> 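My questions all concern the structure below.
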Amino acid sequence: MSERQQSEEIERILVALDASSHSLSALQAAAELATRLRAELQALFIEDVDVRRLGALPFAEEVGVFSATCHPLDARELARQLEAQARQMRRRFRRTTEWIGVQCTFHRVRGRVVPRILEAASEADMVILGKEAWSTFETGQLGPTIRQVLSEIPIPTMILQAGARLERPVLVIYDGSQAAHRALSAASTLARRDDDRLMVLILAGESEPASRLRARAETWLEGRGLQVQYQTLSESRASHLAALVAQQDFGTVVLPRRCSTIRDEAVLDFLDKIDVPVLLVR
Amino acid sequence: MANDSKQLEPTKLYQHTDPQSLGFETTDDLEDLAEVIGQERAVEAMQFGIGIEDDGFNIFAMGSSGIGKESLMRGFFEEKAEEKAVPPDRCYVKNFEDENKPRLLELPAGMGVEFRDDMDDLVEQFDTALSAAFESEEYQSRRQSIMERFRERQQNAFQELQQRAQQENVRLIRTPAGLAVAPSRDGEVLSPEEIQRLSEEEQERLQEKVSQVQDELQEILRQVPSWQRQMREELDDLNREMANLAVGGLIDELREKYEDYPDIIEHLDAVQEDVVENAEDFLPQDQNAQQLMHALQGEDEGGGGGRQALRQQARMRQYKVNVIVDHSESEHAPVIYEDNPTYQNLIGRIEHRARMGALMTDFHLIKPGALHRANGGYLLLDARKVLMEPYAYEALKRAMSSDKIRIESLGRQLSLISTVSLEPEPVPLNVKVGLFGNRMLYYLLWQLDPEFQELFKVEADFAEQMDRSEENQQLYARMIGTMVHEAGLQPLDRGAVARVIEHTARMVGDTEKLSTKKEHVDDLLREANYWAQENGNTVVTADDVQQAIDAQVYRADRLRERMQEAILRETILIDTEGEKVGQINGLSVIPLGNFMFGRPTRITARTRMGKGKVVDIEREVELGGPIHSKGVLIMAGFLGARYAEEKPLSLSASLVFEQSYGQVEGDSASSAELYGLLSSLANLPIKQSLAVTGSVNQRGGVQAIGGVNQKIEGFFDICKERGLTGDQGVLIPVSNVKNLMLRQDVIDAVEAGEFHIYAVETVDEGIEILTGVPAGEPDEEGNYPEGTVNYRVQQRLVELAEKRSKFGEEEEEKA
């Protein structure tokens, strides 16, 4: 079975970018995935409309993060800085995608970030985002903009924090839900490579025992040429998940959303704590 | 006849050593000789120099090369070194107070390496212990807690600010260069038009809100660095605490082991303090704090891990030990001979390593020199080599004067380089230095360098020859036996030993002396051994020794052969028969490296009326040396005093070495020149079958010259080639008879009456032999009997004086 056949559901990848280092990691991972899945890559550099508006305000001032000093915000200066950021990202995009051999496009848009991402996502099969992109303050936790996107986006979304890379092995959380099956599918696509390993973490809830869940997962993964290992976690608390991932040094985590065993807040809490790339699948 | 009385008996021509008198069959029968023979003065000086411990009593052994200065000095040093204790090991370690000045540690012999190994182990354990400490759950959770606290504090401050801003209908927005506060409605920033539409009062209120939030934002941002500092301090305290716990126990073990060495304890304390102070360098590479720092400071942290690994490696290296002197294998004080005494090989050097295009160094790259290795013992150096190496002699003196070895690069010393480099703590120096070289070097240094006199107060003067007494010949035989044993050569029979002894007498050109140049004897023994093997002898015989000597001569005498050939082919004119007036065969000697040969030279003299001047043509054309000129002037003095005491010496004479195209030096031909002059004045022919050597004094005495054997042999070889007539021979000074060690073929010819050696004491004796006419003794009035050589000379000079007087009167009349 060819890689393309394996990943027939992911034909178009969208990476939404700001100028942060989180977005750079997202771009790198997006290019890598696009190459591996032979998918089209669309980069969307979104300039928050409110930033541009700031320049036109009569009493707008800017405070330096490092210096903590205040000075009037000059509209032309701000425009120049935004232009420079956009140019820099375009250059980065070009350099990153120059040799990957799939169709790549770069768009620069201005507007409200969340609607823009959701709008563009409607034409994509997967979205990749930086963990703290478009955040006012970087605190190491999931940024509010990304948090909002995640609550509304209907397609698989990958989150990467600054400096993170797509590594192996892949860990997928399986609880028997529909989303979990889609997560299995996405995880096997990510893991698929000669002698690559896939770790399936069975989250056993009250409705179905772990053994049955494992049997179902085994059936589903049969014949896909992967070295699969299974582990069971009785409690489905996100803190345990985060500890497990930290202990076992996983490269990428695939997590089903809206499933029976993990509440949505727990998923977001997990994302706050974890520093490896996470793919959320509905 | 007078001539016969001057002729030397064959027994006078060579002083044999009787093999029977040696009292053994082969050298295998001889006991090895432990002591040195013929060098009593040098040995005593050496014993004194080694025994005296005071400053400046270092030794300079002087004498010809090959005489055994180095081996003798080394032997003495090694003997004395065995009585001395092994000096301490020396190591360099990092000076934590000033890293450019590495510290010197002294430890008992063998402990340097042990300490180094202990420190290596300790450093290895540091890695494990610190990794364990920093990866422990306790550390991780405490660290995490500190960082979380900081993160929460910052997060809370920002969240509170954002909430307050929201309540006030303003929004915090990130700009490319910082943060801005803007009025908003329903989460959206107001447009300028919307603001314009507000009343002035509302606009002022809005602006005040924005300003208020902005002030709070500024306040928080101002506090962030101090929070970071606080967090860093807390993390540092934690790191220090953990590091202290991790390494303290390990270092305590070493403290206990080295408790008797305060310097080491001090160093261990400094190491512990440094590890604790720099615990951050040992942290696992993926610490969140660093990431957080980088994130907060907006830095890309790529490559940070690599840098930290390098830092960790560099820090580990700093705790290790550089042992520069290791005496773990030594059993006594060292004796070092530095064959290549360059500046750096003597005092040590600081090496550099190229890294990223820059030259780096540290205390591990301090390399010891010969002085370090010889410290506490003895150092042996060839004076000529030391002087040939730039700055080596000065460095050696500086170290000896200050009793310290201070390693400094030449570039720094000459102010060519002024970059920061190491200044290792100087090493206290206590060494006895033995220089060896030739006499000229010693006397030059002594005369020109005042420091030399202070530093090398003991001169060990090696004699080139020793008396050829019966006792010494016995000892010499034992010395030969010892050399044969040491070199693993075949034994020599007594005949061979006798031949070697005779040859060494010939080497010094004295029947009553023996050469002390062991190197030459050693060469001869090895060559004789070679020929013995070639000849299938298991014992080296006199014939083998002779063959070795002949081979040595043959290898060296190509030029002698060419000159002889030129004479035989009459390119160079030398008569060996007949008689000629004013022409005589002089003898000169040509040294070629280790080989010397004699050759005859025709000397001619012409006389005429003049003002008493003897013209030395060699000198006129600047081919004659000062000693030669002196000989000619002495000769003129003799002529004037003997024949023209009362009258003016109205003679003009010219003397020349025919067919001589090079420098003529020495006065050994002055007697020959005088004979030529007398022959010319007396108009008496000189026998060309004879050759002459010897210098003269103003009283007509014939004095000793050098190279008598080679001179005789040089003339003999020509005569022999042309065919010995029985008339041929050589006149030598009587005082040179003791130097005769002639070749066997010359002795055989003398024995057969085919060649003659005459020993003369005065010019009169010589001229009688050369002309066959009596010289003549003066009567009371100073007149000589008619028909004698002196009478004829005197008459001729009177004749010239009168002619000159008459000639002078005529000139006056004309005027």
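What you are looking at is a predicted structure, and each value in this text was computed from that prediction instead of being measured. By convention in this document, chain letters (A, B, ...) are assigned in the order of the sequence lines, proteins followed by strands, and residues within each chain are numbered from 1.
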> Please classify the contact between B/L179 and chain A as side chain, backbone, both or neither, with a heavy-atom cut-off of under 4.5 Å.
both
> Can a donor-acceptor pair be found, under 3.5 Å and without considering hydrogens, that links the side chain of A/T35 to the backbone of A/A31?
yes
> Within the structure provided, determine whether B/R174 and A/V51 are in side-chain contact (heavy-atom separation under 4.5 Å).
no
> Relative to chain A, which segment of B/I195 carries a heavy atom at a distance below 4.5 Å: side chain, backbone, both, or neither?
side chain
> Report which part of B/I220 has an atom under 4.5 Å of a heavy atom belonging to chain A: side chain, backbone, both, or neither.
neither
> Which pair of non-hydrogen atoms, one from A/A29 and one from A/L166, has the smallest distance, and what is that distance?
O-CD1, 3.7 Å
> Among the options A/C70, A/S20, A/S67, A/A60, pick out the one with the most heavy-atom pairs lying under 4.5 Å from chain B.
A/C70
> Would you call the rings of A/F106 and A/F93 parallel, tilted or perpendicular, where under 30° means parallel and over 60° means perpendicular?
tilted
> Please name the residue in the list A/R110, A/R53, A/R116 that meets the salt bridge (Lys or Arg N to Asp or Glu O under 4.0 Å) test with A/E47.
A/R110
> Which one of B/P192, B/S191, B/S184 has the most heavy-atom pairs closer than 4.5 Å to chain A?
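Heavy-atom pairs under 4.5 Å are most numerous for B/P192.
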> Looking only at heavy atoms, what is the nearest atom pair of A/G55 and A/L73, with distance?
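A/G55 and A/L73 have their closest heavy atoms at N-CD2, 4.4 Å.
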> Please identify, among B/P176, B/A180, B/G178, the residue contributing the most non-hydrogen atom pairs under 4.5 Å to chain A.
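If we count pairs closer than 4.5 Å to chain A, B/P176 comes out on top.
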> Have B/R153 and B/Q230 got a donor and an acceptor in their side chains that come within less than 3.5 Å?
yes
> Checking heavy atoms, do the side chain of A/D48, its backbone, both or neither come under 4.5 Å from chain B?
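Side chain of A/D48 only, per the 4.5 Å heavy-atom cut-off to chain B.
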> For B/E188, is it the side chain, the backbone, both, or neither that has a heavy atom closer than 4.5 Å to a heavy atom of chain A?
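Looking at B/E188, backbone and side chain both touch chain A.
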> What part of B/V181 is in contact with chain A, defined as an atom under 4.5 angstrom from a non-hydrogen atom: side chain, backbone, both or neither?
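Just the backbone, heavy atoms under 4.5 Å.
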> For chain B, which of A/R112, A/E77, A/Q141, A/E132 has the most heavy-atom pairs under 4.5 Å?
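Option with the greatest count: A/R112.
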> Go through the atoms of A/Q85 and report whether side chain, backbone, both or neither lie under 4.5 Å from a heavy atom of chain B.
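Looking at A/Q85, just its side chain touches chain B.
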> Would you name the heavy atoms of A/F45 and A/A19 that are closest together and state the gap between them?
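Heavy atoms only, the tightest pair is CE1-N, 4.0 Å.
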